[in-house]
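All values reported here derive from a predicted model rather than from experimental measurement. Numbering starts at 1 and runs along the sequence shown.
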Amino acid sequence: MENIATLFSSRRVSHACSIFMACLWSVFAWVHVLAYQHSGDWSYLLFCGAETISALLFIVRTAPVSVSTDAGDWLLAVGATFAPFFFSPSEMTIWPAARYLLAFGCALQIAGLLSLNRSFGLVAAQRNIKTHGMYRFVRHPVYSSYVVSSTAYLLSNASPGNTAVYAVAMLLLVLRLLREERFLSTDVRYRVYMRQVKYRLLPFIF
């Protein structure tokens with residue numbers, strides 16, 4: 001497992017992940033633009049735009065002071081990052097008004113990403129600790145926005161495939177979050193931040 005971790009943390013593999021993410025995003029974006037053209041539903045463009053910001057920040061992220069070399073951290077990070085790109089438009093809808101919840105989730109995602117700025121990364125790493133913006137309310141606001149927007153997307157685009165993607169994405173997200181905090185808490189500054197902001201993902205719940 002240590003050899004796998006070393007491989008994942010290498011610059012060459014990091015570049016390969018970036019290329020793979022760009023290819024996967026291209027297919028994801030193309031499918032959702034076509035869905036917008038077919039249906040006129042603006043939520044497809046909004047969801048695609050929010051994911052595009054994530055992809056762009058991943059490309060221009062700053063170099064970390066230290067990064068986890070645990071293979072489990074890398075596998076979870078890759079899986080949780082790429083899982084939402086497997087969502088696809090569906091004509092089945094559980095709650096048509098969920099598009100407005102999706103808009104709220106995307107707004108949270110954009111706000112969280114802008115708060116994080118270039119400290120965005122794929123796997124747990126020691127960068128500048130963010131305590132302003134959305135990070136005053138929960139320790140992982142971008143992950144919180146993923147929960148909201150993914151839930152809204154599923155309600156708007158109900159299908160067996162999307163249900164499976166949602167279940168896997170949420171499981172990977174929570175596992176990723178817990179392992180990420182275990183790594184970050186080795187920094188005394190992050191432990192202080194954890195005491196200041198008590199909730200990880202959802203205020204007053206978790």
Side-chain angles (χ1 to χ4, degrees), residues 21 24-25 28-29 32 36 41-62 76-89 94-95 97-125 127-158 162-163 165-181 184 190 193-194 196-206:
M21 186 178 198
L24 191 58
W25 169 84
F28 170 84
H32 282 77
Y36 165 73
D41 188 343
W42 49 264
S43 65
Y44 289 125
L45 290 184
L46 186 61
F47 188 65
C48 182
E51 293 300 325
T52 298
I53 293 176
S54 297
L56 289 175
L57 286 178
F58 173 72
I59 293 173
V60 301
R61 68 195 186 281
T62 57
L76 279 172
V78 170
T81 299
F82 295 149
F85 287 141
F86 289 94
F87 278 126
S88 60
I94 296 175
W95 183 34
R99 69 179 64 180
Y100 300 107
L101 180 62
L102 178 61
F104 175 68
C106 289
L108 287 178
Q109 182 175 341
I110 292 170
L113 290 171
L114 292 178
S115 296
L116 192 59
N117 203 348
R118 292 186 65 202
S119 292
F120 182 84
L122 182 64
V123 74
R127 293 181 172 87
N128 293 328
I129 296 175
K130 301 293 183 178
T131 59
H132 60 280
M134 298 295 293
Y135 288 82
R136 294 177 297 171
F137 306 105
V138 291
R139 299 200 293 268
H140 301 274
V142 175
Y143 293 170
S144 299
S145 70
Y146 291 163
V147 173
V148 175
S149 58
S150 294
T151 301
Y153 189 93
L154 178 62
L155 292 173
S156 298
N157 300 269
N162 283 340
T163 300
V165 170
Y166 178 84
V168 171
M170 293 301 101
L171 176 62
L172 292 176
L173 184 146
V174 172
L175 293 176
R176 177 188 189 183
L177 181 154
L178 294 175
R179 292 183 69 103
E180 189 172 299
E181 288 218 320
L184 294 174
Y190 194 81
Y193 172 63
M194 292 173 71
Q196 294 172 341
V197 179
K198 299 184 181 299
Y199 299 101
R200 300 179 179 94
L201 197 63
L202 301 173
F204 309 109
I205 298 177
F206 174 68

Trainee: Applying ring pair (Phe, Tyr, Trp, His ring centres under 6.0 Å), name anything that partners Phe28, two or more places apart in sequence or on another chain.
Mentor: His32, Phe47, Phe85

Trainee: Any salt bridge (Lys or Arg N to Asp or Glu O under 4.0 Å) involving residues 76-89? Give me the pairs, sequence neighbours left out, ordered by first then second residue.
Mentor: none

Trainee: Using the ring pair (Phe, Tyr, Trp, His ring centres under 6.0 Å) criterion, which residues pair with Trp95? Sequence neighbours excluded.
Mentor: none

Trainee: Please identify each residue that fulfils ring pair (Phe, Tyr, Trp, His ring centres under 6.0 Å) with Phe104, with sequence neighbours left out.
Mentor: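 Expected list: none.
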
Trainee: Working to the nearest 0.5 angstrom, can you tell me the gap between Leu178 CG and Arg200 CZ?
Mentor: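 The CZ atom of Arg200 is 5.5 Å from CG of Leu178, to the nearest 0.5 Å.
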
Trainee: Less than 4.5 Å apart, side chain to side chain, heavy atoms only: is that true for Thr52 and Trp25?
Mentor: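 Yes. Closest side-chain heavy atoms under 4.5 Å.
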
Trainee: Ala169 and Ala83: which non-hydrogen atoms are nearest, and at how many Å?
Mentor: CB-CB, 3.9 Å

Trainee: How long is the straight-line distance from OH of Tyr143 back to CG of Leu201, given to the nearest 0.5 Å?
Mentor: 10.0 Å

Trainee: If you round to the nearest 0.5 Å, how far is CZ of Phe137 from CZ of Phe204?
Mentor: 10.5 Å

Trainee: Is there a side-chain contact between Val138 and Pro203 in this structure, where contact means two heavy atoms from C-beta onward sitting under 4.5 Å apart?
Mentor: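 A side-chain contact under 4.5 Å exists here.
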
Trainee: With sequence neighbours excluded, what pairs up with Ser156 under the side chain to side chain donor-acceptor pair (under 3.5 Å) test?
Mentor: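 None.
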
Trainee: Please report the shortest heavy-atom distance between Tyr135 and Val197, naming the atom on each side.
Mentor: O-CG2, 3.6 Å

Trainee: For the atom pair CG (Asn157) and CG (Asp41), what is the distance rounded to the nearest 0.5 Å?
Mentor: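 Asn157 atom CG to Asp41 atom CG measures 7.5 Å (nearest 0.5 Å).
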
Trainee: If you define the side chain from C-beta out and look only at heavy atoms, does anything of Leu76 sit under 4.5 Å from Glu180?
Mentor: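 No; the side chains remain at least 4.5 Å from each other.
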
Trainee: Quick one: CG on Leu46 to OH on Tyr36, what's the gap to the nearest 0.5 Å?
Mentor: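 Rounded to the nearest 0.5 Å, the CG-OH separation comes out at 12.0 Å.
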
Trainee: Under the rule for side-chain contact (heavy atoms from CB on, under 4.5 Å), what residues qualify as partners of Ala80, not counting sequence neighbours?
Mentor: Leu172, Arg176

Trainee: In chain order, what residues pass the side-chain contact (heavy atoms from CB on, under 4.5 Å) check against Val165, with sequence neighbours excluded?
Mentor: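 Applying side-chain contact (heavy atoms from CB on, under 4.5 Å) to Val165 gives Phe86, Phe87.
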
Trainee: Please, which pairs that meet salt bridge (Lys or Arg N to Asp or Glu O under 4.0 Å) have at least one residue in residues 134-151, sequence neighbours excluded?
Mentor: Arg139-Glu181

Trainee: Sequence neighbours excluded, which residues qualify as side-chain contact (heavy atoms from CB on, under 4.5 Å) partners of Ala158?
Mentor: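 So Ala158 forms a side-chain contact (heavy atoms from CB on, under 4.5 Å) with Met92, Ile94.
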
Trainee: Excluding sequence neighbours, so at least two apart, what forms ring pair (Phe, Tyr, Trp, His ring centres under 6.0 Å) with Phe206?
Mentor: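 Checked Phe206 against ring pair (Phe, Tyr, Trp, His ring centres under 6.0 Å); zero matches.
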
Trainee: Hey, could you give me the CG/OG distance between Leu177 and Ser144, rounded to the nearest 0.5 Å?
Mentor: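 Leu177 atom CG to Ser144 atom OG measures 8.5 Å (nearest 0.5 Å).
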
Trainee: Listing request: all side chain to side chain donor-acceptor pair (under 3.5 Å) pairs with a residue in residues 97-106, at least two apart in sequence or in separate chains.
Mentor: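 Residue pairs passing side chain to side chain donor-acceptor pair (under 3.5 Å), neighbours aside: none found.
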
Trainee: Which residues pass the side-chain contact (heavy atoms from CB on, under 4.5 Å) test with Leu154, not counting sequence neighbours?
Mentor: Asn162, Thr163, Tyr166

Trainee: Taking side chain as C-beta onward, heavy atoms only, is Tyr44 less than 4.5 Å from Pro89?
Mentor: yes

